[in-house]
Amino acid sequence: MIATESLSKRYPRVTALDRLSVDINPGVTGLVGANGAGKSTLIKILLGLSPATEGSARVLGLDVATQGAEIRERVGYMPEHDCLPPDVSATEFVVHMARMSGLPPTAARERTADTLRHVGLYEERYRPMGGYSTGMKQRVKLAQALVHDPKLVLLDEPTNGLDPVGRDEMLGLIRRVHTDFGISVLVTSHLLGELERTCDHVVVIDGGTLLRSSSTDEFTQATGSLAVEVTDTDACPDGTGALLASLDKAGLTTRPAGRTADGSAVSGRVLLVDVVDEGTYDIVRDAVAGLGIGLVRMEQRRHRIAELFRDDDAPAPHPAAPGTPGTPGAPAQAPAWGAGWQQKQKKSDKRAQQNGGTVDAA
Ligand SMILES: Nc1ncnc2c1ncn2[C@@H]1O[C@H](COP(=O)(O)OP(=O)(O)OP(=O)(O)O)[C@@H](O)[C@H]1O
């Protein structure tokens, strides 16, 4: 679908992309990076809207340097910024965009009605868009990207400004763009966590360079950890603490399941136990039975993408205080960016500041 080869984009004071080589296959791909990592720059180059300084890129086999117009005929684009005229309705706007893409009037109207229904806009599609909520505006922006039935859509931060429910709905819609219509998707986000549920593949960039490109499964593959949750009893009022001590004594390595951005544990009732071999399961079971407490669950645990980008030297998690409230069964609320990402984010922010509003005409 997309192939870049040593792609660079240099502005007078900032290198937005630095020799980026990446291949993106059909499906739903997440392009993730902190603010200023170069995501929007890459999208603009892929659409043939901004020339690369060095290197090359092909989209659907077409050269971005010379075949931008052909690419834009076949590719839908949802920009990050608010681009909707306030005085026209969603229907008028999307019909207009469909006509601009070359659809005849009747087909443009039919496709508009179908697409707006698909993104969940009904009666309100006849109202001026100036009165729309952020969620409704994002849906219109998605609809105009889909209306000409492209083979690929490039979605720049589609969940920006949405509340958690709105984010989930938008991510569900994006997933269905591929499953229902077979349209491939490249979606950018600075939130790692939201992409692991939506994407088949994730490309991570930082400071314009490729950090990692792998399938979501590879990112989150099963680890050698067991998540264990136990109950308390009158005889053993801190079941988790007692189990931790018992497993430590048996020579197993244990730690609390999660930590917040400041490194403190949030899921005090869930312990992670490193699996040494099959015998680990028996040791945990016997320890629970020996303490006379109940076993709520014992399951193989998967990584969350954000965990892979935590600094190794980040503060170690503290064992939870007895009785720390937690959500049994739910993974700990990992920060969108681990400590490593936060440092990189600061670097990127600094880079953006250094840029000091310099705007390249490109
Ligand atoms: N026209 C421009 N002129 C000069 N510098 C630019 C221009 N466009 C982008 N940059 C700089 O290039 C870097 C990458 O910007 P880009 O918009 O691609 O990042 P991004 O990952 O999309 O971040 P965001 O999510 O904040 O938009 C930033 O440092 C930005 O300030």
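Sequential numbering from 1 along the given sequence is applied to the chain's residues. Side chains included, hydrogens not; waters and symmetry mates left out as well; all remaining heavy atoms used. For ligands, and for the atoms within them, numbers begin at 1 and follow the listed sequence.
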Mode of [X] contact toward ligand 1 - side chain, backbone, both, neither (heavy atoms, under 4.0 Å):
X      : result
Glu80  : side chain
Glu157 : side chain
Asn35  : both

Quiz item: Does CZ belonging to Arg19 count more than 12 external heavy atoms closer than 6.0 Å?
Solution: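 Count not over threshold, so no.
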Near [X], which atoms of ligand 1 are under 4.0 Å from a heavy atom of that residue?
X     : result
Thr41 : 14 (C), 15 (O), 16 (P), 18 (O)
Ala34 : 21 (O)
Ser40 : 17 (O), 18 (O), 20 (P), 22 (O), 27 (O)

Quiz item: Closest heavy-atom contact between Ala287 and Leu247?
Solution: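 Closest approach of Ala287 to Leu247: CB-CD2, 3.9 Å.
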Exercise. State the CG-CZ distance between Leu171 and Arg175, to the nearest 0.5 angstrom.
Key: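 Rounded to the nearest 0.5 Å, the CG-CZ separation comes to 11.0 Å.
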Quiz item: Under 4.0 angstrom from ligand 1, any heavy atom of Gly33?
Solution: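 Not so, Gly33 does not reach ligand 1.
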Practice problem: Return a yes/no value for Ala16: is any of its N or O atoms, backbone included, closer than 3.5 angstrom to an N or O of ligand 1? | Solution: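 In this structure, Ala16 places no N or O atom under 3.5 Å from an N or O of ligand 1.
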Exercise. Answer yes or no: does an N/O atom from Ala37 fall short of 3.5 Å to an N/O atom of ligand 1?
Key: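 Looking only at distances, the answer is yes, because the N/O contact criterion of under 3.5 Å is met.
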Quiz item: Is the closest basic N to carboxylate O distance between Lys141 and Asp82 below 4.0 Å?
Solution: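 Between Asp82 and Lys141 there is no salt bridge, as every charged N stays at least 4.0 Å from the carboxylate O atoms.
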Quiz item: Can we say Glu157 and Lys39 salt-bridge, meaning some charged N sits less than 4.0 Å from an Asp/Glu carboxylate O?
Solution: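 Yes, Glu157 and Lys39 are salt-bridged.
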Quiz item: Sequence neighbours excluded, which residues qualify as side chain to side chain contact (heavy atoms under 4.5 Å, CB included) partners of Ala98?
Solution: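 Partners of Ala98 under the side chain to side chain contact (heavy atoms under 4.5 Å, CB included) test: Leu103, Ala108, Thr112, Val147.
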Quiz prompt | Arg167: salt bridge (Lys or Arg N to Asp or Glu O under 4.0 Å) partners, not counting sequence neighbours | solution =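 So Arg167 forms a salt bridge (Lys or Arg N to Asp or Glu O under 4.0 Å) with Glu194.
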